[in-house]
Amino acid sequence: MTLLNRCSRLLARANVQNLPRISLPNLRSGKTGHSFRYSHGAVGLLGAAVFGMGAALIDGQISADELELGHAHMHWEFKEHLKSYDHKALRRGFQVYKEVCQACHSMQYFYWRMHIDVTHTKEEMKEYAAEYQYPGLDDDGNHIMRPGDIQDFMPSPYENEITARLANNGALPPDLTLITIAREGGSDYLFSLLNGYEPLPAGENEPSEGQAYNPYFHGYYIGMAQQLYNESVDYEDGTIPYASQLAKDVCEYLAWTSHPYMDEAKLYGIKAVASFAVLTGIAYYMMRVKRGHMRLRRIAFTVPGKEKEISANGNLSNFSKYKEVDQALDKWSRK
């Protein structure tokens, strides 16, 4: 950084007009001229500035706390235009969230009923919702705790932010309803983060209590220990529960909670494009076939008993009543 500052000061003090110049020969005429004039001093100072900046970036003084490892780029089929969510993966992702993530993270902006006919049946979601208690009112207007219903939001594991921080060493677990669109990189970032826990490298500071080292997290030290391990969840459908499979399924589930109507939007888009293509073909057919003879036809007026005279005159009648009209039509047809 010191070399870069010195170079910038030299450039600021230099007077380019007073630096020595040289004239190069003109390539066309072979004579010297002023069309290719430049300053050796200015070019030298510019090169020194570029070199100093490169040296500063290579060796210098950039804090590692401001960087994180770039996330991987996964191939998610639901991001393609003609693909939808994998509903089996969504069901497995809900199981991972319920058995692992729900202990700390809330999803309080998502209804139980939105899972119906997507990941689970209506009866299954009623059973899941009934496992939790929600505040309500009885017939006399008294406050009671009632079993959950599919019309309720999914519950939060903590009553408020203070209890959440006390239970997690001061860190606040974020709500996961919109986490995919709330983090740069979306599903790619979440997948890399869940699989990116590593042992602490040599020379790094020891993490505080409750923290873990993860190079994909901003600052490297995250307030959540590794949660996904091989066979930490027993899938209902018999899928082998590798840690990467668990992360993939829960990331797709969280992508769906952020965009629950994406499949319907793609379906409507396909219908709109198909309808537009059909209407375009019909319009082209009507314009070229049905209206073609109307646009290209020529109207000729005839008078009973005067057909020979009119045809000899080029289909222009000599009668003042039709002459101006025929001339106008003939002129229009010749254009």
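Residues: numbered from 1 along the sequence shown. What you see below is based on every heavy atom in this structure, not just the backbone, and it leaves out hydrogens, waters and symmetry mates.
- The OG atom of Ser84 lies 7.5 Å from the CE atom of Met262; values are rounded to the nearest 0.5 Å.
- Aromatic rings from Tyr197 and Tyr213 are positioned such that their centres are separated by 6.0 Å or more.
- Each of Tyr109 and Tyr111 belongs to its own hydrophobic cluster when Ile, Leu, Val, Met, Phe, Trp and Tyr are linked at side-chain heavy-atom distances under 4.5 angstrom.
- Cluster annotation: Met125 is connected to Tyr261 through the hydrophobic network of ILVMFWY side chains, with a link wherever side-chain heavy atoms come within less than 4.5 Å.
- Across Gln95, Arg91, Lys88, a single residue satisfies side-chain contact (heavy atoms from CB on, under 4.5 Å) together with Tyr235, and that is Gln95.
- The side-chain heavy atoms of Val118 and Trp256, taken from C-beta on, include a pair separated by under 4.5 Å.
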- Step by step, would you call Asp188 with Trp76 a side chain to side chain donor-acceptor pair (under 3.5 Å)? CA-CA 9 Å; Asp188 293 334; Trp76 304 95; 2.7 Å; yes

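- The side-chain hydrogen bond (donor to acceptor under 3.5 Å, both in side chains) pairs that include a residue from residues 159-173 are Tyr158-Asn168, Asn160-Thr163, Glu161-Arg165, where partners are two or more places apart or lie in different chains.
- Heavy atoms of other residues, nucleotides or ligands lying less than 6.0 angstrom from CD of Glu184 number 12 at most.
- Of all non-hydrogen atoms in Gly196 and Asn214, the two that sit nearest each other are O-OD1, 3.5 Å.
- Relative orientation of the His120 and Phe94 rings is perpendicular, given thresholds of 30° and 60° on the angle between their planes.
- For the atom pair Thr257 OG1 and Leu176 CG, the distance stands at 7.5 Å (nearest 0.5 Å).
- Put simply, the side chain of Lys266 gets close to the backbone of Lys83: a donor and an acceptor are under 3.5 Å apart.
- With rounding to the nearest 0.5 angstrom, the NE2 atom of His105 is 9.5 Å from the CG atom of Leu172.
- With hydrogens and angles ignored, the 3.5 Å screen pairs a side-chain donor or acceptor of Thr180 with a backbone N or O of Leu254.
- More than 12 heavy atoms of other residues, nucleotides or ligands lie within 6.0 Å of CG in Asn230, so this atom counts as buried by the packing criterion.
- No donor-acceptor contact under 3.5 angstrom links the side chains of Trp112 and Asp149, judged on distance only.
- With sequence neighbours left out, the side-chain hydrogen bond (donor to acceptor under 3.5 Å, both in side chains) criterion links Gln133 to no other residue.
- In this structure, Met114 is not a member of the same hydrophobic cluster as Leu267, with clusters built from ILVMFWY side-chain heavy atoms closer than 4.5 Å.
- Under the 4.5 Å side-chain criterion, counting only non-hydrogen atoms from C-beta, Gln108 is not in contact with Pro155.
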- Query: Where do Asp234 and Glu99 land on the side-chain contact (heavy atoms from CB on, under 4.5 Å) test, with the steps shown first?
  - Reply: CA-CA 10 Å; Asp234 188 14; Glu99 297 184 12; over 6 Å; no

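- Contact check for Val278 versus Ile282: side-chain heavy atoms found under the 4.5 Å cut-off.
- Checked by atom type and distance alone, the side chain of Asp175 pairs as donor or acceptor with a backbone atom of Thr177 at under 3.5 Å.
- Residues Phe191 and Ser244 share a closest heavy-atom pair of CE1-O, 3.5 Å.
- Through side-chain heavy atoms spaced under 4.5 Å, either directly or across other Ile, Leu, Val, Met, Phe, Trp or Tyr residues, Ile240 is tied to Tyr242.
- Cluster membership for Val250 and Tyr229, using ILVMFWY side-chain heavy atoms within less than 4.5 angstrom, is not shared.
- Within a 6.0 Å sphere centred on NZ of Lys98, heavy atoms belonging to other residues, nucleotides or ligands number more than 12.
- Summarising the local packing, CD of Glu209 is surrounded by 12 or fewer heavy atoms from other residues, nucleotides or ligands at distances under 6.0 Å.
- Distance alone, capped at 3.5 Å, places no donor-acceptor pair between the Gln227 side chain and the Val100 backbone.
- The shortest non-hydrogen separation linking Ala130 to Pro147 is O-CB, 4.3 Å.
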- Message: What verdict does the side-chain contact (heavy atoms from CB on, under 4.5 Å) test give for Glu77 and Asp86, after you've listed the backbone C-alpha separation in whole Å, the side-chain angles of each residue and the deciding distance to 0.1 Å?
- Response: CA-CA 8 Å; Glu77 287 191 355; Asp86 183 358; over 6 Å; no

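- Within the 4.5 Å cutoff, the side chain of Leu194 has no heavy atoms near those of the Leu246 side chain.
- The two residues Met154 and Met107 make their nearest non-hydrogen contact at CB-O, 3.4 Å.
- For the atom pair OG1 (Thr121) and CD (Glu127), the distance works out to 8.0 Å, reported to the nearest 0.5 Å.
- Atom CG of Leu178 and atom CZ of Phe110 lie 9.5 Å apart (nearest 0.5 Å).
- Hydrophobic clustering places Phe153 together with Tyr132 (ILVMFWY residues linked when any side-chain heavy atoms are closer than 4.5 Å, directly or through intermediates).
- In Asp138, the CG atom is crowded: over 12 heavy atoms of neighbouring residues, nucleotides or ligands sit closer than 6.0 Å.
- For Ala255 against Ser187, the heavy-atom pair with the smallest separation is CB-OG, 3.7 Å.
- Residues Pro173 and Cys104 approach most closely at CB-O, 3.4 Å, considering heavy atoms.
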- For Asn205 and Tyr221, run side chain to side chain donor-acceptor pair (under 3.5 Å): C-alpha distance rounded to whole Å, both residues' side-chain angles, the deciding distance at 0.1 Å, then the answer. CA-CA 10 Å; Asn205 297 325; Tyr221 298 100; 5.2 Å; no

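- Residues Phe217 and Leu193 are in side-chain contact: their nearest non-hydrogen atoms beyond the backbone lie under 4.5 Å apart.
- At most 12 non-hydrogen atoms from other residues, nucleotides or ligands lie less than 6.0 angstrom from OH of Tyr268.
- When the shell of 6.0 Å around CG of Leu137 is examined, it contains more than 12 heavy atoms from other residues, nucleotides or ligands.
- Between Tyr253 and His115, the ring-plane angle classifies as parallel under the 30° and 60° cut-offs.
- For the atom pair CE (Met74) and OG (Ser192), the distance works out to 8.0 Å, reported to the nearest 0.5 Å.
- Checked against a 6.0 Å centroid threshold, the rings of His73 and His71 count as neighbours.
- Counting heavy-atom neighbours within 6.0 Å of Lys79 NZ, excluding the residue itself, gives a total above 12.
- Using a distance-only test at 3.5 Å, with no hydrogens or angles considered, no donor-acceptor pair links the side chain of Glu204 to the main chain of Pro201.
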